[in-house]
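The structure under discussion appears below in the form of C-alpha cells.
In what follows, every chain begins at residue 1, and chains take the letters A, B, ... in the order their sequences are listed. Atom set for the values below is all heavy atoms of this structure, side chains included, hydrogens, waters and symmetry mates excluded.
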Number of protein chains: 2
Amino acid sequence: MSKLAAIPLYRQVIREVTTAVDAGEWNADESLPSENDLARRFGVSQGTVRKALDVLVLEGVLYRRQGVGTFVSDASDFLAQAMFVPLSGYGGEKPKIEMLGCVRIHAGEQLAEILGLRRGAALWQVRRLLRVAGTVIGLEEMFLPEANFPNLEMRRIRELRGNLRELCWRDFGMRLKDGEVRYRAVPAASAEARLLQVEVHEPLLQLVRLARDFDGKPQVWSVAWFRSEQLAFQAPPEQA
Amino acid sequence: MSKLAAIPLYRQVIREVTTAVDAGEWNADESLPSENDLARRFGVSQGTVRKALDVLVLEGVLYRRQGVGTFVSDASDFLAQAMFVPLSGYGGEKPKIEMLGCVRIHAGEQLAEILGLRRGAALWQVRRLLRVAGTVIGLEEMFLPEANFPNLEMRRIRELRGNLRELCWRDFGMRLKDGEVRYRAVPAASAEARLLQVEVHEPLLQLVRLARDFDGKPQVWSVAWFRSEQLAFQAPPEQA
DNA sequence: TACAGTCTTATATAAGACAAAAGATACACA
DNA sequence: TGTGTATCTTTTGTCTTATATAAGACTGTA
C-alpha cells in the first residue's frame, strides 16, 4: 500500500477493494480473502482492513458472516430491491423487471440541465416494466448520457434481467449511488394509463430519482409510475 | 461498567449513553464529555467508547466534529425532518407542523391488530397539519396506545411544537425507531380534501408508518396525506 | 490591534492481542 | 457402519494502546 498520500490507510484499502470488486476479482456471493490475508496483501493490520470493510458493508457492497467470511453483495438496482406490500399485511414481494425498450434521443432543455449536459446531447431512453405476481404495477423511464454509456444495447440489458446498476458497474466501470428519491401522487396520463392498465386521471405514485456516480456527477435520471390501489411501495433499506 | 454480562462492552456503553441522553443529561446540541472522559467513567478504553458513539452517530442520535466534540442531535420526528422540494429544483424546505387535535378513542379491529392490542383498547388519535411557506400541504393522523402514553395532553404536544418523537422521549422515556415507510397514491376523500383544500378524488400522496420502540413493539401508527402538485416529498436521510 | 506561533483538548486512525462463532475433522462408541 | 461429540482451524468480532490530525484558545510580538 502506497504511503505517499496523506489519505488514511483504510480509505486506500476501501479504494483497492472496491476496484477489485468492480474488476470482478470475486463474484457475487463469493467470499473475499480473509481479513488477515487482505491485511498482508495491502501491508496493513487486520484492524485497518476491518475498518475499510465496515464501510463497504455499510454501503451494501459487501456482507459478512461471523466465523465464515466476507462476501460480495449482489448489486441489484433500486427498484429491483424495493418491496411491494399488500395494504393490510406484512412481508411483501420484490418486483420482476421487464425491459420495454431502449432508444436514442436528444436532450431537451430540462433533461440537459438535470444531467448537466449541453442541449441536444445524445441520450439513451430506457423503459422498464415492473410486475408483481404477474400483474403490471409499475413503469419506469430512465435517461442516460450516451457519452458515458456508449453502445448501450438492449441485449446486454436484457441479459442482466434489467439490472441496470449491475450493467453500469460491469460494462462501464461505473458505480452508482442512488440519489435522493422524491415521491408524488399524480393523475395518470394516457401513456401511463395504457401501459399500467388503469383509467386516465387515476392516482399514480410517482418516483423521481437522480443517480450519481461517486464523483457526484449526475448519470441516470429516472421517473417511475406505480399503481397503488392494492400494493404500497416500500423503499429498499439503506441506500448507500 | 459491569463486566458480568456476556454483552460486548461497546453495547453496554451504547446503552449507558443512550440512557443518559434520554435522561437529558446533555441537552440538544450540547457537547458530551470527551471520549476519554467517557472511557474513564465507564472503565473502558477510548476506542471502545468510540465504537459505541460510532453507532449512535450512525443512528443520528449524536453528531461529531473533529477536534471539537460530540453532540446530541436534535431529535425531531420523521415528518418534521422530511423535505418538500419544488418540482424542478434543488434544495427544498422543511415543513412547519401544527397540532390539530388529540382525542381519546377505542381501537377497532384493524388498529388493534396493527398495534398489537386487544380490541377496544384506549388509543390517542392525534392529528397534525403540515405547512410549507404558509400553505397547507399535508395532514397526518396518528394512533398511540393510551396504556403507554398516559395523560397525553394537547398542551404538552403543543409546547414541543408538534415534535411527537421528542415528547415520547422526554415525557415517556420511550425512544422510537422510525419503521419502514410505505407510499401510495390515493384519491382524496372528502375529509382530507377539505383540510388540504383540494378537490375530492384529486391524487394525494399517502404515507403509512409504524414506529416501534427499541424492543420492536409497535407504538405509533401513522397515516399521512400530502398534496404534491407543486412539491415532491423527500424522506429524511438515514432512518436509524 | 493584528498576526503568527504553540499549547491544549478533542476526535480520527492504526496496530496488535485476544475472544467468539461456525464449519470441518477426528474419534469414541453403539 | 453409522452417529454423536469433542476438538481443531479458520474466520469475523471485540478491546486496548499508541499515535496522528483538527480546531480553537492562548500568548507573545510587532
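Which of D:dC15, C:dG16, C:dT11 sits closest to the side chain of B:Tyr10 comes down to D:dC15. The side chain of A:Asn36 lies closest to D:dT12, out of C:dA12, D:dT12, C:dA15. The listed nucleotides are D:dT11, C:dA10, D:dC15; the one nearest the side chain of A:Ser34 is D:dT11.
Atom CG of A:Leu53 is separated from atom P of C:dA14 by 14 Å (rounded to the nearest Å). Rounded to whole Å, atom P of D:dT10 lies 16 Å from atom CG of A:Leu38. Atom P of nucleotide D:dA20 and atom CD1 of A:Ile7 are separated by 19 Å, given to the nearest angstrom. Look at CD on B:Gln46: it is 14 Å from P on D:dT19, rounded to the nearest Å. Rounded to an integer number of Å, the gap from A:Asp54 CG to D:dT14 P is 9 Å. The distance between atom CZ of B:Arg64 and atom C1' of C:dT9, rounded to the nearest whole Å, is 16 Å. Taking atom CD1 of B:Ile14 as the reference point, atom C1' of D:dC15 lies 14 Å away to the nearest angstrom. For the pair A:Leu62 CG and D:dT12 C1', the interatomic distance rounds to 13 Å; values are reported in whole Å.
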Distances under 3.5 Å between nitrogen or oxygen atoms of protein and nucleotides 19-22 of chain C:
residue, atom, partner, partner atom, Å
C:dA21, O4', A:Gln66, NE2, 3.0

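The shortest distance between the side-chain N/O atoms of B:Lys51 and the OP1/OP2 oxygens of D:dT14 is below 4.0 Å. The side chain of B:Arg50 contributes no N or O atom lying less than 4.0 Å from OP1 or OP2 of C:dT11.
Residues satisfying the salt bridge (charged side-chain N to carboxylate O under 4.0 Å, His left out) test with A:Glu25, not counting sequence neighbours, are A:Arg41. Scored by the salt bridge (charged side-chain N to carboxylate O under 4.0 Å, His left out) test, B:Arg65 finds no partners at all (sequence neighbours excluded). Evaluation of the salt bridge (charged side-chain N to carboxylate O under 4.0 Å, His left out) rule for B:Arg64 yields B:Glu35, B:Asp54 as partners, not counting sequence neighbours. The side-chain hydrogen bond (donor to acceptor under 3.5 Å, both in side chains) search around A:Ser228 returns none, not counting sequence neighbours. Legend: residues meeting side-chain contact (heavy atoms from CB on, under 4.5 Å) with B:Pro33, ordered by chain and number and at least two apart, are B:Trp26, B:Asp37, B:Leu38. For B:Glu146, the salt bridge (charged side-chain N to carboxylate O under 4.0 Å, His left out) partners at least two apart in sequence or on another chain are B:Arg104.
Nearest heavy atoms, B:Val223 versus B:Gln206: CG1-NE2, 3.7 Å.
Atoms CD and CG, on B:Glu180 and B:Leu210 in that order, are 10.5 Å from each other to the nearest 0.5 Å.
Within the 4.0 angstrom heavy-atom criterion, only backbone atoms of the sugar-phosphate kind lie near A:Thr70; the bases stay farther away. Here B:Gly47 lies in heavy-atom contact (under 4.0 Å) with a base. Looking at heavy-atom distances under 4.0 Å, A:Thr48 makes contact with sugar-phosphate atoms alone, never a base.
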Where protein sits on nucleotides 3-8 of chain C, one letter per nucleotide: B base, S sugar-phosphate only, - none, heavy atoms under 4.0 Å: ------
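Within the structure, the ring pair (Phe, Tyr, Trp, His ring centres under 6.0 Å) test picks out the following pairs touching residues 51-73 of chain A (sequence neighbours left out): A:Tyr63-A:Phe71.
The neighbour count for B:Arg15 CZ, taken as heavy atoms of other residues, nucleotides or ligands under 6.0 Å away, does not exceed 12.
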